Q: 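Got a structure for you, questions after.
Please read these numbers as outputs of a predicted model, since none were measured by experiment.
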Protein chains: 2
Amino acid sequence: MPRRKTEPAAEANRRTEVLRAAARLFVEKGFEATTTRDIAEAAGMRSGSPFYHFRSKLDLLKAVILEGLAASEARQQAAIAGVDDPLDRLHRLVRAHLGSLFEHDTNAPLLIGETRALDAAARRQIAEAFDRYQIPWQQTLDALVAQGTLTSAAPPLRLWLFGMLNWSTHWYRPDGAMTLDALADSAVAMLLGQAPG
Amino acid sequence: MPRRKTEPAAEANRRTEVLRAAARLFVEKGFEATTTRDIAEAAGMRSGSPFYHFRSKLDLLKAVILEGLAASEARQQAAIAGVDDPLDRLHRLVRAHLGSLFEHDTNAPLLIGETRALDAAARRQIAEAFDRYQIPWQQTLDALVAQGTLTSAAPPLRLWLFGMLNWSTHWYRPDGAMTLDALADSAVAMLLGQAPG
DNA sequence: CCTACCGATCGGTAGG
DNA sequence: CCTACCGATCGGTAGG
């Protein structure tokens with residue numbers, strides 16, 4: 001077997017570095033305002049090198065979103081594994097989602113707005129991935145209706161929840177007085193209507 | 001008194017046309033992806049002409065957001081004038097906000113994400129305007145606590161509400177089965193926790 | 001993954 | 001508000 005110039009593992013690492021740099025910059029400055037040169041520099045490469053790993057800037061955006069979302073799904077599954085109580089599950093789903101938003105490893109939800117730039121096929125693929133991500137949410141909301149904690153779990157409820165959490169990136173500061181746990185508590189209280197008792 | 005080449009009223013109209021074209025394009029394609037040439041064309045002008053009305057593309061963005069927000073405030077005031085019942089007021093505030101989002105005349109909230117591009121002074125000015133816009137919301141939420149309809153109206157509650165409404169631009173389609181009135185009803189039900197009775 | 005480079009486009013301006 | 005234009009930057013590529 002012929003030796004390769006670069007080890008496959010090392011090559012994968014470099015790809016991941018480009019991906020992570022792109023994710024951070026897309027979130028900070030937006031997709032259009034980020035240049036492929038910014039990304040190359042942040043990954044410690046020359047300006048043309050990102051194109052060795054990704055066909056185009058759009059391909060890079062698509063990968064950032066889909067792979068970020070896959071990481072969020074993994075975090076979500078780990079958070080609810082073996083948890084049966086619906087209210088407990090809801091709380092863990094909310095906390096896991098806020099973790100994905102603010103704990104930096106996976107920030108796919110922050111980039112939903114940037115999918116504008118992608119073609120219809122890529123947008124559809126991303127929309128489907130987000131739908132799958134929300135399946136456990138809908139199941140949990142349905143369970144809360146079944147036990148009488150909520151009156152209705154029609155689909156808009158899930159979307160209201162998803163939206164209020166995602167929008168928190170515009171006002172919540174992780175380094176402020178409110179912890180992520182407290183933020184999750186607040187969000188759940190909002191959903192339950194803070195009914196006395 | 002010397003005659004002017006162009007009437008002041010006509011000149012103001014042209015400025016408004018540029019502003020409206022820019023607002024629509026910024027929302028559709030995003031600030032960075034919209035070129036000043038796109039805006040000029042949409043306003044029926046040559047490529048350099050928008051700069052007769054606005055110093056720079058950034059100035060145009062700032063004006064779109066601040067003037068759009070002023071229009072939203074006017075709509076809000078008209079919606080709640082003379083309405084005292086807190087729940088009725090809340091419902092009208094929500095409906096007015098959804099109207100500003102989807103009924104196309106004023107779309108400032110959609111552009112919050114684009115303020116990244118502006119300098120700190122402009123961002124602060126816009127943030128203050130959004131704070132003022134939400135004052136009636138906080139007052140109404142406090143009144144709902146006073147009458148026992150809500151348990152707490154700590155500031156995050158207002159921000160959750162603002163966020164869930166704004167995020168609806170990512171999923172709600174005005175031409176679908178759900179009317180804007182039904183959407184407002186759903187949002188209010190979400191806030192109140194759909195408590196039975 | 002780097003060097004060297006290209007064609008296209010962009011925000012903005014001078015002068016009328 | 002138009003004409004004509006500029007300097008800078010950008011995504012992407014050939015060839016190694």
Q: Return the value, rounded to whole Å, for the distance between atom CE of A:M45 and atom P of C:dC2.
A: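 Rounded to whole Å, this separation is 7 Å.
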Q: Runs of at least three consecutive Watson-Crick or G-U pairs, both distances under 3.5 Å, are what I'm after; which ones involve DNA chain C?
A: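 Paired runs of 3+ in DNA chain C: C:1-16 with D:1-16.
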Q: Can you name the residues that form a side-chain hydrogen bond (donor to acceptor under 3.5 Å, both in side chains) with A:D38, not counting sequence neighbours?
A: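 Applying side-chain hydrogen bond (donor to acceptor under 3.5 Å, both in side chains) to A:D38 gives A:K29, A:T35.
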Q: Report the relative orientation of the aromatic rings in A:W137 and A:H97; use parallel for angles under 30°, tilted for 30 to 60°, perpendicular for over 60°.
A: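 If you compare the ring of A:W137 with that of A:H97, the planes turn out perpendicular.
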Q: Quick one: list whatever passes salt bridge (charged side-chain N to carboxylate O under 4.0 Å, His left out) with A:D59, sequence neighbours left out.
A: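 A:D59: no salt bridge (charged side-chain N to carboxylate O under 4.0 Å, His left out) contacts found.
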Q: Return the set of residues passing salt bridge (charged side-chain N to carboxylate O under 4.0 Å, His left out) with A:R92 (not counting sequence neighbours), or none when no residue passes.
A: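 With neighbours one apart ignored, the set is A:D88.
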Q: Which parts of nucleotides 4-16 of chain C does protein reach within less than 4.0 Å, heavy atoms only, written one letter per nucleotide 5' to 3' as B for base, S for sugar-phosphate only and - for none?
A: -B----BBBB---
Q: So which pairs with a foot in residues 170-179 of chain B pass side-chain hydrogen bond (donor to acceptor under 3.5 Å, both in side chains), sequence neighbours left out?
A: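 Sorted pair list comes back empty.
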Q: Please identify each residue that fulfils salt bridge (charged side-chain N to carboxylate O under 4.0 Å, His left out) with A:E32, with sequence neighbours left out.
A: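 Salt bridge (charged side-chain N to carboxylate O under 4.0 Å, His left out) list for A:E32, sorted by chain: empty.
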Q: Looking at residues at least two apart in the chain, or sitting in another chain, which of them share a salt bridge (charged side-chain N to carboxylate O under 4.0 Å, His left out) with A:E17?
A: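 With sequence neighbours excluded, A:E17 shows a salt bridge (charged side-chain N to carboxylate O under 4.0 Å, His left out) to A:R14, given in chain and number order.
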Q: Only counting residues at least two apart or in another chain, list the ones meeting side chain to side chain contact (heavy atoms under 4.5 Å, CB included) with B:T36.
A: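 For B:T36, the residues satisfying side chain to side chain contact (heavy atoms under 4.5 Å, CB included) (neighbours in sequence not counted) are B:F51, B:K57.
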